[in-house]
Structure formats: C-alpha cells, structure tokens
There are 2 protein chains.
Amino acid sequence: MDMPDTTDFDLERFLPYLLNQAAEATSRSFHATYKASYGMTRTQWRVLANLGKFGSMTARDICTISHIEKTKVSRAVSALEAEGLLTRSPSPQDRRAEILALTDQGRVIFADLGQRAIAYDQALRAQIGPEIAAQLDDLLRRIIAEGELGPPED
Amino acid sequence: MDMPDTTDFDLERFLPYLLNQAAEATSRSFHATYKASYGMTRTQWRVLANLGKFGSMTARDICTISHIEKTKVSRAVSALEAEGLLTRSPSPQDRRAEILALTDQGRVIFADLGQRAIAYDQALRAQIGPEIAAQLDDLLRRIIAEGELGPPED
DNA sequence: CATTAATAGTTGCACTCGCAACTAAGTCAA
DNA sequence: TTGACTTAGTTGCGAGTGCAACTATTAATG
C-alpha cells in the first residue's frame, strides 16, 4: 500500500510541459519569419491574421475569437496602425468601439505571411503524417475547449 | 489551375497556434498553483523540478536537458537560492561551473508541487481519455524531437 | 608555452506581458 | 433624468524574457 513516490514526478511526462515544448518548438521558426520580414510580434501577427481572415471587426471581437487579452490586442493594434497595416474608424453603433480593417499593405503582408504559414504548417504535418496530424488537431481543440478544469481544489 | 487562395489561411487550423493555445490552457491553472503557494516563476518551477528529479547538476546540465535558455536558468537559480531552496557549490572539476542541489526545504516544496502536478496531469488525461493521452504524448515528443525543421527556406 | 578559441555563467537593455486602475460611452431602471 | 452598473479600449507599472556583451576559466593548437 505504497503512496506514489512523490520524487517520481517527471517533467517530461507532464502534459502541460510537453505541450509547451511542442508549442515553442513549432512557433520559434515561424516567429522568426514574421519578425525578420516585418518586425512583428506574435500578438501582432495573430491580430493581423484574424483581420485577414474575418475582415473588419472591433478589438473586442478579436479578443473573443482568439482569446487574446484586451491589453495585448490594444497594443498590437496601435503598433499595426503605426506601421500602416490597419486603420481604425469609429463604430457608428457604439462610439466606444472602433472598427478595425486592414489596409492594402496589411492585406499584402497577410497574404505573404499566410502563404508562408500554410507552407510551414504543411511541412510540419507532413513530418508527423497527415492523418495523425488531423487527430492531433482534434485532441488539441478538445484540450483548449475543456479549457481550465479549475485548479486542483485540494 | 488555381493557386491556393491565400486569404484562406486560418489561424485556427495552424498547428503552432493550436499547440500554443493548448499549452496556455493547460499551463495556466497549474501556474497559478505554484505562483500562489510559493511565488514561483514557471522557469523556477522547471529548474526545481529538474533538480528534484535528477539530483545535483550544473546550470548547464539543466539547460541541456530542458532546453531552457541559460540566462533564464541563471536568474531562476539566483531566485531559488535567495529563497533558500537550493545551494550552489563550486565544481571541483571546473571552476567555472557550480553544482546545484536542492536544500531540504527545496525538496519539501518539490514533493508538494510534484504531487499536485501529478494529480493535475492525471485529471487532464482523464478528461481526454488515458489511451488517447498516451498517443498525444508520443506525438508531442515527436514534434519536439523533430525540433526546428529549419525555416521554410523559401 | 603562448595564443586563440570555446565554455559556464552573469548582467544590461530594450521589449513584451499581465494586472489593476482609469476614461469614455452605453445600459438599465426608478 | 439621474444614478448605479457594465463595457470598449488605453495606460502605468512591476516583472519576466531574449539577445548581445562581458568575465573567468578551460581546452586546443601551433
């Protein structure tokens, strides 16, 4: 009737750790791409990608869709605007909100990075096998959806 | 003979993005645990966990094993030492290196957090199903191992 | 040996992040 | 319409991070 030996804990078998390592490994080289080409932050890239995908929307919409904190979005929007990649225009329905839209230049860059992202993603999936990659997608989405299973409540 | 429409790029199908979201979702609540209980950083927790698992080793060993940047390790070690959770002693073989070892207090905390980590990990795996979780482990390890498949080389 | 290169670890700096506090605008109800 | 409450977005601040430069020591090479 042994208790599990607590010194048995092994980071290498800890799912959050593995997910982090995998995320960092796969993010790093693509991050280098958009950073080198356009001096972009990961958050900026994500905001750009959302606007590219969905068209005009407010900062709040981006927060809701992508689960990025509003302060990160706010700063990313400022930076992208300063670079001339997006414009803000006041929302007619709500004067607190601003409608964000990519400029032509923003769309060009989104097209470029989008293409490279697709290529990178395909290379990744090819390495682990396309069917398995599809399974992986499902698993990750489930984990994301389960979201926080509240703290261990000990 | 269409080129793939570049506006088709969808963050939600981008593996690095999914991995990141999943990693953040699973890390967040456990991060809250060690932060609240011991005011620890993720890097500090990882250094502690490595020392707990492998016993005495140098900072460089930790870097090699866990792929954490040496500056992060350096600062984490300083912080853990300041908290009295580890000691440094000069290496007899190499006067540049220091041998790191957990103090009794460090081991107690490692035991505590290790236990909680195991519980958290098991809860996570239970949610997605244990067999599937095992598959996920394999996949993640493969992705980590493939490591950087060099930048797209376009 | 003497020099040059490599390595262990630290530090300075510029930047990103997370959180709380804040402004401005909209909502709801008495 | 006034007052309490919520929401969109911004800003200040403390803290963590990445990168490059640096010290001290060890290894390698002529």
Side-chain angles (χ1 to χ4, degrees), chain A residues 20-21 23-25 27-32 34-36 38-47 50-51 56-83 86-100 148, chain B residues 20-21 23-25 27-29 31-32 34-36 38-48 50-51 56-83 86-100 148:
Chain A
N20 251 298
Q21 296 277 102
E24 276 177 34
S27 286
R28 197 176 311 285
S29 90
F30 193 64
H31 175 261
Y34 52 74
K35 180 170 184 184
Y38 304 109
M40 251 184 244
T41 283
R42 188 158 70 191
T43 306
Q44 284 165 241
W45 151 242
R46 287 183 182 176
V47 167
N50 275 289
L51 285 172
S56 302
M57 58 200 311
T58 73
R60 185 186 163 285
D61 294 333
I62 295 178
C63 291
T64 306
I65 290 175
S66 60
H67 306 110
I68 309 176
E69 298 247 333
K70 62 179 182 175
T71 62
K72 278 208 283 189
V73 171
S74 173
R75 289 190 248 245
V77 165
S78 297
L80 291 171
E81 184 192 31
E83 295 293 323
L86 65 76
T87 57
R88 326 190 202 205
S89 45
S91 162
Q93 293 92 28
D94 186 339
R95 276 183 299 170
R96 292 170 304 179
E98 295 177 312
I99 295 177
L100 309 172
E148 338 256 302
Chain B
N20 252 297
Q21 297 276 102
E24 276 177 34
S27 287
R28 198 176 311 285
S29 90
H31 174 262
Y34 52 74
K35 181 169 184 186
Y38 304 109
M40 250 185 247
T41 285
R42 188 159 68 191
T43 306
Q44 285 166 240
W45 151 241
R46 286 184 182 176
V47 167
L48 183 88
N50 275 289
L51 285 172
S56 301
M57 57 199 312
T58 73
R60 186 186 163 284
D61 294 332
I62 295 178
C63 291
T64 307
I65 291 176
S66 61
H67 307 110
I68 309 177
E69 298 247 335
K70 63 178 181 174
T71 62
K72 277 207 285 188
V73 171
S74 173
R75 289 191 247 245
V77 165
S78 297
L80 291 171
E81 185 192 30
E83 295 292 324
L86 65 76
T87 58
R88 327 189 201 205
S89 46
S91 162
Q93 293 93 29
D94 185 341
R95 276 183 300 172
R96 292 169 303 180
E98 294 176 312
I99 295 178
L100 309 172
E148 337 258 300

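Note that these values count all heavy atoms, side chains included, but never hydrogens, waters or copies made by symmetry. Each chain gets a letter, A, B and so on, in the order the sequences are listed, and its residues count up from 1. In this text the structure is predicted, and so the values were computed from the model without any measurement.
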Roughly, in whole Å, what's the span from CD in E24(B) to P in dG18(C)? 7 Å

Length of the line joining Q93(A):CD and dT7(D):C1', which is rounded to integer Å: 15 Å

With a 3.5 Å cut-off and just heavy-atom distances, do the side chain of R95(B) and the base of dT25(D) make a donor-acceptor pair? no

Rounded interatomic separation in angstrom, taking NZ from K72(A) and P from dT17(D): 14 Å

Going through the checks in order, is the side chain to side chain contact (heavy atoms under 4.5 Å, CB included) test met by S91(B) and T58(B)? CA-CA 8 Å; S91(B) 162; T58(B) 73; 5.5 Å; no

Taking the minimum atom-to-atom distance to the side chain of T71(A), which one of dT10(C), dG9(C), dA20(C) wins? dA20(C)

Position toward the 5' end of DNA chain C (nearest nucleotide), T58(B) or R42(A): T58(B)

For the pair made of CD in E98(B) and C1' in dT10(C), what is the distance, rounded to whole Å? 10 Å

Is any side-chain nitrogen or oxygen of S74(A) closer than 4.0 Å to OP1 or OP2 of dG9(D)? no

For K35(A) and R75(A), find the nucleotide of DNA chain D closest to each by heavy atoms; which residue's nucleotide sits nearer the 5' end? R75(A)

Round to a whole Å and report the spacing from CG of D61(B) to P of dT7(C). 15 Å

Return yes if the base of dT26(D) and the side-chain atoms of R96(B) contain a donor-acceptor N/O pair under 3.5 Å, otherwise no. no

In whole angstroms, how far is the C1' atom of dT10(D) from the CG atom of L100(A)? 14 Å

In whole angstroms, how far is the C1' atom of dG18(D) from the NE2 atom of H31(A)? 10 Å

